[in-house]
Protein chains: 2
Amino acid sequence: MAKERKRSDKRVAERAKPKRPGKGAATPRPAHGSSADGPGGFVTDDRPGVVVTVDVVLLAVHDGELAVLLVERRRGPDSGAWALPGTVVGLDETLGAAAVRAVSARTGVAAPLGRLDQFATFADVDRDPRTRVVSVAFVAVASEAVPPAGGPVASGRWWAVKELHKKKGPAMAFDHRDILATGVERVRSRIEHTDLATALVDEPFTLGELRRAYEAVWGTTLGPANFRRKVLATRGFVEPTGATRMVGTGRPADLYRRGADAVLHPPMLRPASSR
Amino acid sequence: MAKERKRSDKRVAERAKPKRPGKGAATPRPAHGSSADGPGGFVTDDRPGVVVTVDVVLLAVHDGELAVLLVERRRGPDSGAWALPGTVVGLDETLGAAAVRAVSARTGVAAPLGRLDQFATFADVDRDPRTRVVSVAFVAVASEAVPPAGGPVASGRWWAVKELHKKKGPAMAFDHRDILATGVERVRSRIEHTDLATALVDEPFTLGELRRAYEAVWGTTLGPANFRRKVLATRGFVEPTGATRMVGTGRPADLYRRGADAVLHPPMLRPASSR
DNA sequence: AAAATAGTGTCTGTAAGACATTATCTA
DNA sequence: TAGATAATGTCTTACAGACACTATTTT
């Protein structure tokens with residue numbers, strides 16, 4: 001699990017406010033509705049408690065590469081490092097709602113969060129130097145079109161996952177590199193058994209587009225003929241629309257929509273070379 | 001280290017076990033931040049916080065049936081109901097350590113916890129009536145011999161999982177029925193792809209015993225011949241000892257030990273009838 | 001000998017991997 | 001026309017399911 005220890009705050013910035021002594025019982029919930037970096041310190045007392053947060057690994061395929069949405073930290077000693085979008089969970093807020101809130105605050109879209117999947121909880125004692133922070137991690141996927149890279153989002157941008165694994169890649173905050181790696185592996189596994197990959201493409205889509213989504217996630221190439229056979233043999237995976245679309249040169253491709261079934265029988269096993 | 005002290009909380013009773021005598025069973029159920037616990041309480045006075053706990057689904061096969069270790073609640077909400085062994089996570093304690101502690105306090109054995117697997121985090125807002133409790137759930141498996149059912153454990157006992165799903169079965173505390181169901185499904189899936197099932201039997205074991213472990217977990221019957229072929233075709237799954245053992249009537253069975261590989265290639269897929 | 005369980009061998013259907021062939025577009 | 005991509009078909013191999021058959025024990 002997580003091991004690194006970075007410095008500075010993790011979520012402090014999110015909610016960080018210098019202290020708030022004497023909170024009245026009637027006082028509004030500290031962890032609610034504030035966006036990142038707002039006031040509302042939760043840990044600052046002399047009586048520290050455990051802080052529960054969510055972090056979201058939002059993946060999409062951009063330019064044929066698997067990409068993840070990160071936000072740049074702008075305060076604290078870890079300023080300049082890139083982090084997964086996350087937030088403190090409100091006292092009366094579900095984890096899923098907090099995850100949606102964390103992403104929508106950064107991207108402006110709540111749509112892709114329908115595929116929200118809680119995959120692990122990170123709780124190393126020292127993962128945040130300030131206080132004990134337990135982070136419930138989610139993965140979600142977005143199609144290529146949403147949100148547009150370089151959009152109106154202030155501090156967020158898409159990074160090719162491949163770049164982040166390099167030593168010379170951008171610094172990542174806290175144990176987020178571990179969370180990312182675990183989340184990516186979860187998606188790599190889930191597209192084998194579920195129709196999650198169809199959420200990576202925009203409807204309607206061609207089987208070539210769907211295949212390239214698989215290839216981006218797995219980092220492999222797949223035989224177009226066999227891929228097609230397996231997809232069409234799995235009932236409920238995709239539904240033909242009857243229409244075709246020109247993609248450039250070559251024969252027009254048949255268009256499909258997402259099917260009804262979320263479970264793939266038999267699974268779309270990734271080639272042994274990609275494991 | 002500030003280990004927590006709990007008092008009225010959900011897992012208070014459980015975790016309090018070692019120091020049972022003298023524990024004040026006092027505080028009833030304080031709602032958010034109301035009742036001040038004694039010193040070190042996590043539900044800080046007028047400043048309510050989130051409590052993080054672990055709950056463990058410890059499974060074993062008893063009399064051919066999948067069984068789970070539960071403890072009877074004797075105080076607090078749902079008193080009289082049966083709960084998964086769990087505890088509040090200490091401020092400087094890892095989740096895994098807390099899970100081991102929760103189980104060892106009940107069973108006296110830390111051994112089976114090597115197979116500890118975090119599988120989900122439960123955090124419904126109202127899952128505990130007293131305060132917000134976020135529970136990180138683990139599964140672990142024990143072999144038939146340990147701990148012995150009806151052993152020295154005071155408030156714990158094994159229950160056939162099948163019984164707990166019946167309406168007339170024993171009441172389960174909080175959302176522990178959901179946690180159990182999710183954990184069981186995790187184990188059902190994990191024995192397909194890992195050698196986890198070998199931890200359900202004592203070494204050395206026969207392939208018949210291993211097969212009956214699979215059957216208990218999946219609730220199916222498997223063809224002995226095909227099961228044998230698949231197990232032996234998977235390198236690293238089991239290692240022959242060369243010895244044999246009489247089980248009763250019939251030909252003596254070859255004995256095996258656990259192999260080295262944790263991953264099964266190809267997977268031991270459960271029959272479609274058990275899904 | 002009968003019953004019971006363990007172990008071995010064989011047939012068959014399904015599906016995956018490799019790859020050749022045909023179809024339909026642009027440049 | 002060549003080039004590119006999509007769609008279809010074929011051959012081979014791997015493996016799961018079913019099941020017949022042999023082996024070794026107790027009663």
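Below, chain A is the first sequence line, B the second, and so on; all start at residue 1.
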Under 3.5 Å: donor-acceptor pair, side chain of [X], backbone of [Y]:
{"X": "A:Thr234", "Y": "A:Phe237", "result": "no"}
{"X": "A:Glu192", "Y": "A:Arg270", "result": "yes"}
{"X": "A:Arg245", "Y": "A:Pro204", "result": "yes"}
{"X": "A:Arg258", "Y": "A:Thr198", "result": "yes"}
{"X": "A:Ser189", "Y": "A:Glu185", "result": "no"}
{"X": "B:His193", "Y": "B:Leu264", "result": "no"}

Rounded to whole angstrom units, what separation is found between the [atom1] atom of [X] and the [atom2] atom of [N]?
{"X": "B:Phe227", "N": "D:dA16", "atom1": "CZ", "atom2": "P", "result": "12 Å"}
{"X": "B:Leu222", "N": "D:dG17", "atom1": "CG", "atom2": "P", "result": "9 Å"}
{"X": "B:Arg245", "N": "D:dT25", "atom1": "CZ", "atom2": "C1'", "result": "15 Å"}
{"X": "B:Leu264", "N": "D:dA16", "atom1": "CG", "atom2": "C1'", "result": "15 Å"}
{"X": "B:Glu209", "N": "C:dT5", "atom1": "CD", "atom2": "C1'", "result": "12 Å"}

Item checked: Position toward the 5' end of DNA chain D (nearest nucleotide), A:Leu207 or B:Gly248 ->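 So the residue in question is A:Leu207.
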
Notebook entry, point to check: What do the steps show when you test A:Leu84 against A:Val56 for side-chain contact (heavy atoms from CB on, under 4.5 Å), and what is the final call?
Noted result: CA-CA 6 Å; A:Leu84 299 168; A:Val56 181; over 6 Å; no

Margin query: Quick check for you: to the nearest 0.5 Å, what is the distance between A:Met172 atom CE and A:Leu164 atom CG?
Written below: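 Nearest 0.5 Å value for the CE-CG distance: 5.5 Å.
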
Notebook entry, point to check: Rounded to the nearest 0.5 Å, what separation is found between the CG atom of B:Leu59 and the CZ atom of B:Arg115?
Noted result: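 Output value for this atom pair is 13.5 Å.
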
Notebook entry, point to check: How would you label the contact of B:Arg211 with the nucleic acid (heavy atoms, under 4.0 Å): base, sugar-phosphate, or nothing?
Noted result: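 If one applies the 4.0 Å heavy-atom cut-off, B:Arg211 turns out to touch the sugar-phosphate alone, with no base involved.
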
Check: How would you label the contact of A:Gly223 with the nucleic acid (heavy atoms, under 4.0 Å): base, sugar-phosphate, or nothing?
Finding: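 Nothing, no heavy atom under 4.0 Å.
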
Notebook entry, point to check: Do any of residues 231-241 of chain B sit with a heavy atom less than 4.0 Å from DNA chain C, and if so which?
Noted result: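 Those residues: none at all.
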
Next item on the list: Mind listing the residues from residues 250-260 of chain A sitting with a heavy atom below 4.0 Å of DNA chain D? Number order is fine.
Entry: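 Here the set is A:Gly250, A:Arg251, A:Pro252, A:Ala253, A:Asp254.
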
Note to self: Can you confirm whether the side chains of B:Asp202 and B:Ser143 place a donor and an acceptor under 3.5 Å from each other?
What the structure shows: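 Yes - a donor-acceptor pair under 3.5 Å links their side chains.
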
Notebook entry, point to check: Just by protein heavy atoms under 4.0 Å, how would nucleotides 9-17 of chain C read 5' to 3' in B, S and -?
Noted result: BB-----BB

Next item on the list: Give a yes/no answer on whether the side chain of A:Arg228 brings an N or O atom under 4.0 Å of OP1 or OP2 in D:dT8.
Entry: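 A:Arg228 to D:dT8 OP1/OP2: side-chain N or O found under 4.0 Å.
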
Notebook entry, point to check: Using 30° and 60° as the class limits, which term best fits the ring planes of B:Phe122 and B:Phe119: parallel, tilted or perpendicular?
Noted result: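 Judged by the thresholds at 30° and 60°, the geometry between B:Phe122 and B:Phe119 is perpendicular.
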
